[in-house]
Amino acid sequence: MKIAAWNVNSLKVRLPQLLEWLAARRPDVVCLQETKLEDHNFPRQEIAAAGYHAVFSGQKTYNGVALLARETPADVVVGNPYFPDPQKRLIAATVRGIRIVCAYIPNGQAVGSEKYGYKLAWLDALNRWMGEQLAANPHPPDNPQLVLAGDFNIAPEDRDVHDPAAWAGQILCSAPERGAFQSLLGLGLKDSFRLFEQPEKSFSWWDYRMLGFQKNRGLRIDHILLSGPLAARCTAAGIDRDMRKHERPSDHAPVIAELAD
DNA sequence: ATGGTAGCCGCGCTA
């Protein structure tokens, strides 16, 4: 079972790339962020023609998440019950007995800003909800089947940052943000990427500006976290870096984790 | 060097 997450930065613009990529990679589940589409504009026909069911929660201009799956997603929940939020950043559904949570965690703009406070509060509520979801999705009991995937807007460690000195204490890298990430791991979730040997300087996002990608000035901020039993089944994890080379790319590359059946 | 690039129904804001 192949699970992917991709911040597409406008599904309208990236739809042709998404369809090509779905055909090439054949993921079973895809968590999309920054669709930037109202629900009535979601390209349901094109996604269905590609062989995927879709559930989504979008808004105009900003944010927006979607969950694509080759099997019908069940028990769809939009948003975090512990954090009422007009911003469309969270959608969850069950696919093949696995609870999938697709998240677009706030960027936070700058440490100390109002948006930063919102990000930390959002993460605190996410942590609370994930704790509950881990307990609520046992199969059988005490065997949580949970995936938390998406754009976290957090580089967990210095090795996830092209220039740790320049980014020290900055947004995406600050201690409170990294602490929130560690709290999610503390619930028993595993960073699928780090279950395997990986190339140095592996990143998932590069700023459009200043030739960020060409110079590999990136950060690894997109993640697929797995509950313990799923981590035990994980056979591979990686970043589809080549998608960032595409003409008119998203600023994020897709991340992928594979589970043995 | 406080820039730069991309996407948005936008004519600034967010990333």
Side-chain angles (χ1 to χ4, degrees), chain A residues 5-21 31-43 46-47 56-66 79 83 85-91 102-123 126 149-156 160-163 165-174 176-178 180-181 203-223 239-255:
Chain A
W6 191 15
N7 179 325
V8 290
N9 186 21
S10 170
L11 183 53
K12 182 182 173 184
V13 172
R14 234 62 69 188
L15 181 61
Q17 284 177 58
L18 174 66
L19 296 176
E20 275 179 41
W21 178 77
C31 298
L32 300 177
Q33 298 83 45
E34 286 208 84
T35 55
K36 299 185 174 180
L37 288 173
E38 290 181 293
D39 289 349
H40 65 87
N41 290 326
F42 192 89
E46 293 88 339
I47 297 294
F56 40 85
S57 173
Q59 65 185 92
K60 198 187 290 186
T61 309
Y62 302 121
N63 310 312
V65 285
F83 196 88
D85 188 358
Q87 301 187 28
K88 307 302 188 188
R89 297 179 173 278
L90 204 53
I91 190 165
C102 166
Y104 176 45
I105 292 173
N107 173 281
Q109 195 169 62
V111 173
S113 68
E114 189 178 333
K115 289 188 175 66
Y116 183 72
Y118 164 73
K119 179 179 193 173
L120 295 182
W122 202 99
L123 281 162
L126 176 66
D151 178 359
F152 284 62
N153 273 310
I154 300 171
D160 301 311
V161 181
H162 69 90
D163 185 346
W167 282 84
Q170 300 298 307
I171 196 65
L172 314 182
C173 301
S174 72
E177 292 165 86
R178 288 180 168 177
F181 189 87
F203 309 125
S204 65
W205 168 82
W206 301 259
D207 199 301
Y208 282 124
R209 298 167 291 188
M210 305 298 287
L211 301 172
F213 180 68
Q214 290 86 336
K215 296 177 177 175
N216 199 30
R217 297 174 65 85
L219 278 71
R220 192 175 70 91
I221 58 176
D222 301 272
H223 308 295
I239 301 171
D240 226 338
R241 193 176 187 281
D242 283 353
M243 288 307 292
R244 190 62 174 76
K245 299 175 183 169
H246 204 284
E247 193 169 342
R248 213 175 175 193
S250 168
D251 47 350
H252 296 252
V255 296

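Convention: sequence-line order gives letters A, B, ...; per-chain numbering from 1. Just so it is clear, the structure is predicted and the values come from calculations on it, not from any experiment.
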Could you check which of B/dA15, B/dC8, B/dA6 has an atom nearest any side-chain atom of A/Tyr208?
B/dA6
Of B/dG12, B/dA6, B/dC9, the nucleotide closest to the side chain of A/Tyr62 is B/dG12
Under 3.5 Å, is there a donor-acceptor pair between the side chain of A/Lys119 and the main chain of A/Asn153?
yes
Looking for any heavy atom pair under 4.0 Å, which part of the strands does A/Phe213 touch: base, sugar-phosphate only, or nothing?
nothing
What integer number of Å spans the C1' atoms of B/dG12 and B/dA1?
23 Å
Rounded to the Å, how far apart are A/His252 NE2 and B/dG7 C1'?
12 Å
Anything under 30° is parallel, anything over 60° is perpendicular, the rest tilted; go ahead and classify A/Phe152 against A/Phe181.
perpendicular
For the residue pair A/Tyr104 and A/Lys88, establish whether any side-chain heavy-atom pair is separated by less than 4.5 Å.
no
Check every strand shown and say whether A/Arg14 touches a base, only sugar-phosphate, or nothing at a heavy-atom separation below 4.0 Å.
sugar-phosphate
Output the rounded distance in Å from CD1 (A/Ile221) to C1' (B/dT14).
14 Å
If the P atom of B/dT14 is compared with that of B/dC9, how far apart are they to the nearest Å?
15 Å
Inter-nucleotide P distance (B/dG3, B/dC13), Å rounded:
15 Å
Protein-nucleotide distance (A/Tyr104, atom OH; B/dT14, atom P), rounded to Å:
11 Å
Given A/Gln87, which of A/Tyr62, A/Trp122, A/Tyr118 fulfils the side-chain contact (heavy atoms from CB on, under 4.5 Å) condition?
A/Tyr118
Tell me which nucleotide among B/dA15, B/dG7, B/dC9 gets nearest to the side chain of A/Thr61.
B/dC9
In whole angstrom, give the distance that lies between atom CD of A/Gln109 and atom P of B/dC13.
10 Å
Between A/Pro249 and A/Met210, who's closer to the 5' end of DNA chain B by nearest nucleotide?
A/Met210
Should A/Arg14 and A/Asn9 count as side-chain neighbours, where that means a heavy-atom distance under 4.5 Å?
yes
Determine whether more than 12 heavy atoms belonging to other residues, nucleotides or ligands lie under 6.0 Å from atom CD of A/Gln214.
yes
Residue A/Lys60, side-chain atoms from C-beta onward, closest of B/dG7, B/dC9, B/dA15:
B/dC9
I need the NZ-P distance between A/Lys215 and B/dT5, as an integer number of Å.
12 Å
When rounded to whole Å, the CG to P distance for the pair A/Leu211 and B/dT5 reads 9 Å
Report the distance from atom CD of A/Glu34 to atom P of B/dC13, rounded to the nearest whole Å.
18 Å
Taking CZ from A/Arg209 and C1' from B/dG4, how many angstroms apart are they, rounded to a whole number?
6 Å
How is A/Arg244 classified with respect to the nucleic acid when contacts are heavy atoms under 4.0 Å: base, sugar-phosphate, or nothing?
nothing
If you assign each of A/Trp205 and A/Leu11 to its closest nucleotide in DNA chain B, which residue comes earlier from the 5' end?
A/Leu11
Using the P atom as the point on both nucleotides, what is the distance between B/dG10 and B/dT5, in whole Å?
23 Å
